There are 2 protein chains.
Amino acid sequence: MKRPELSVAVDLVVFTVRAHTLEVLLVRRGIQPYRGQWALPGGFVTTQESLEAAARRELAEETGLKGVYIEQLYTWGEPKRDPRGRVVTVAYLALVPAARARVKAGSDAAHAAFQPARQPPRLAFDHAVIVARAVERLGTKAEYSTLPLHLLKEPFTLSEVQEVYEVLLGRDLDKRNFRRKILALDALEETDVMRRDGAHRPARTFRLSASRPYLLKERGILFPF
Amino acid sequence: MKRPELSVAVDLVVFTVRAHTLEVLLVRRGIQPYRGQWALPGGFVTTQESLEAAARRELAEETGLKGVYIEQLYTWGEPKRDPRGRVVTVAYLALVPAARARVKAGSDAAHAAFQPARQPPRLAFDHAVIVARAVERLGTKAEYSTLPLHLLKEPFTLSEVQEVYEVLLGRDLDKRNFRRKILALDALEETDVMRRDGAHRPARTFRLSASRPYLLKERGILFPF
DNA sequence: CCAAAAGTGTTGGCGTTACACCCATGG
DNA sequence: CCATGGGTGTAACGCCAACACTTTTGG
């Protein structure tokens, strides 16, 4: 049995929501091919680490962040997607709170930046396709899960929760209905600290409940009977 | 930049529904490691083919089938998942109609067979994990899509459609409600042939409608407002 | 006292579930 | 004529969408 050897890479689609916009982390390529163009952060998988470990390593190298939400997105492996040779890339989707979304100190200022995810600049390789798919996936999950909560730093207010859902869904939501629904999921737990912001009433704050720490799956809509 | 070379494989989870049971195609390994144990069909990706092409090639080699529904499932790449060395495998999920689900002629009778997908025999490598995830994914998609229709050979009857949904969802469905809903999706188109089976009234038959040929996504349930 | 965001309930409409009998055929 | 699966309608209920004003604070 033949076992051709290929290169395996991971690429990261790191999202954050800032100023009512969905943003993605991009890096400027310093080497050929596509030198000077924007691309997704990523790199080759070493022989001793798992795929997710490689993705987390790359994420830490660019942002210094650890312990954020990460999930595998899709694997691309067209023979000619990389002009250097055959590279199969496993793409990961990561969510980071805007308050933590800083490019790593010490990097060149022009080296990496968060940019609009829905109208990104011209990207290297097939990265535009990867970003588009990640945006679609995140939007879908916003419809039926609490995944978007990972875009917020705890503790957060209900208005902040509503903002991220509105950005991901691309439409405005009714405040009263939204609050009733998100609280009914029993995925949030109230903290005892209030957020004092400006010249207005302070807001209650919440964190992910310990019993429902992560994503929440609900029944589908086609056959609920 | 270092570019370690790894082996990349594809593995196939080929489902069919027969006798009110979800079944998966397994092959008996003829070589070490895990010689004699059941495993998923699959093989290494050659340097010139895409991942999906490799998956379709393996599927054709085992079953002779072409043009069936196939989608990428997930990629596994733990360093020690294969004792021979570092192998990253991209798993694909395929759906074949029971009427076409034959192991390729000329194969050893004991070489490959469809077996219960929810209680499979002991499997080689991490294939039990892969099968479990595929079963879960198929069940989820049955909740909100018409994907299960690809488990049927056209033309099919509404009773056959209901049967595959019941098997995937693991519960019985109400006949009148089911028919109203599945027809309301506008994904089926009636043919002019009737199915005459036995000592009972003949059934109307349907095929996937040309305008809704494939999977159908519906709105989520969390924020439909 | 004014601006700004937080917080809070009710009702009408629609979609979903529950449910039982007649039809067409082959033997 | 009987057994077998195919085919069909309605009514009660529950859930969801729509909708506007009061509260609390800072300046």
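All values reported here derive from a predicted model rather than from experimental measurement. Lettering follows sequence order; numbering is per chain, from 1.
- Between the CZ atom of Arg180(B) and the C1' atom of dT16(C) there is a distance of 8 Å, rounded to whole Å.
- Rounded to an integer number of Å, the gap from Met194(B) CE to dC23(C) P is 16 Å.
- Comparing dG26(D), dT16(C), dA18(C) against the side chain of Lys181(B) picks out dT16(C) as the nearest.
- Residues forming a salt bridge (Lys or Arg N to Asp or Glu O under 4.0 Å) with Arg57(B) (at least two apart in sequence, or on another chain): Glu49(B), Glu61(B).
- The distance between atom CG of Asn177(A) and atom C1' of dC19(D), rounded to the nearest whole Å, is 9 Å.
- The shortest distance between the side-chain N/O atoms of Lys175(A) and the OP1/OP2 oxygens of dA20(D) is not below 4.0 Å.
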Can you give me every donor-acceptor pair (side chain of residues 89-98 of chain B, partner residue at least two apart or in another chain, under 3.5 Å) with its distance?
{"unit_1": "Thr89(B)", "atom_1": "OG1", "unit_2": "Ala9(B)", "atom_2": "O", "d": "3.4"}
{"unit_1": "Thr89(B)", "atom_1": "OG1", "unit_2": "Asp11(B)", "atom_2": "OD2", "d": "2.8"}
{"unit_1": "Tyr92(B)", "atom_1": "OH", "unit_2": "Glu52(B)", "atom_2": "N", "d": "3.4"}

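- With sequence neighbours excluded, the residues satisfying salt bridge (Lys or Arg N to Asp or Glu O under 4.0 Å) with Asp126(A) are Arg81(A).
- In this structure, Ala199(B) has no side chain to side chain contact (heavy atoms under 4.5 Å, CB included) partners at least two apart in sequence or on a different chain.
- Distance, Phe178(A) CZ to dC19(D) C1': 18 Å, rounded to whole Å.
- Ser159(B) has a side-chain polar atom (N or O) that falls below the 4.0 Å cut-off from OP1 or OP2 of dG6(D).
- Defined by atom type and a distance below 3.5 Å, a donor-acceptor pair is present between the side-chain atoms of Thr191(A) and Thr205(A).
- Closest to the Arg201(A) side chain, of the nucleotides dT23(D), dT25(D), dG26(C), is dT23(D).
- Remark: Glu190(A) engages Arg204(A) in a salt bridge (Lys or Arg N to Asp or Glu O under 4.0 Å) (not counting sequence neighbours).
- Across the protein-nucleic acid pair, Arg176(B) atom CZ and dG5(D) atom P stand 18 Å apart, rounded to whole Å.
- Side chains of Tyr165(A) and Glu163(A): a donor-acceptor N/O pair is absent below 3.5 angstrom, by distance only.
- With rounding to whole Å, Leu183(B) atom CG is found 15 Å from dT16(C) atom P.
- OP1 or OP2 of dG7(C) lies within a sub-4.0 Å distance of a side-chain N or O belonging to Arg179(A).
- Rounded to whole Å, atom C1' of dA3(C) lies 15 Å from atom CG of Asp197(A).
- Closest to the side chain of Asp174(A), out of dG7(D), dC19(D), dT8(D), is dC19(D).
- Distance CZ (Arg195(A)) to C1' (dT25(D)): 15 Å, rounded to an integer number of Å.
- If Arg196(A) and Thr157(B) are placed on DNA chain D by their nearest nucleotide, the residue sitting closer to the 5' end is Thr157(B).
- Helical stems of DNA chain C (runs of at least 3 Watson-Crick or G-U pairs, donor-acceptor distances under 3.5 Å) are listed by first residue: C:1-27 with D:1-27.
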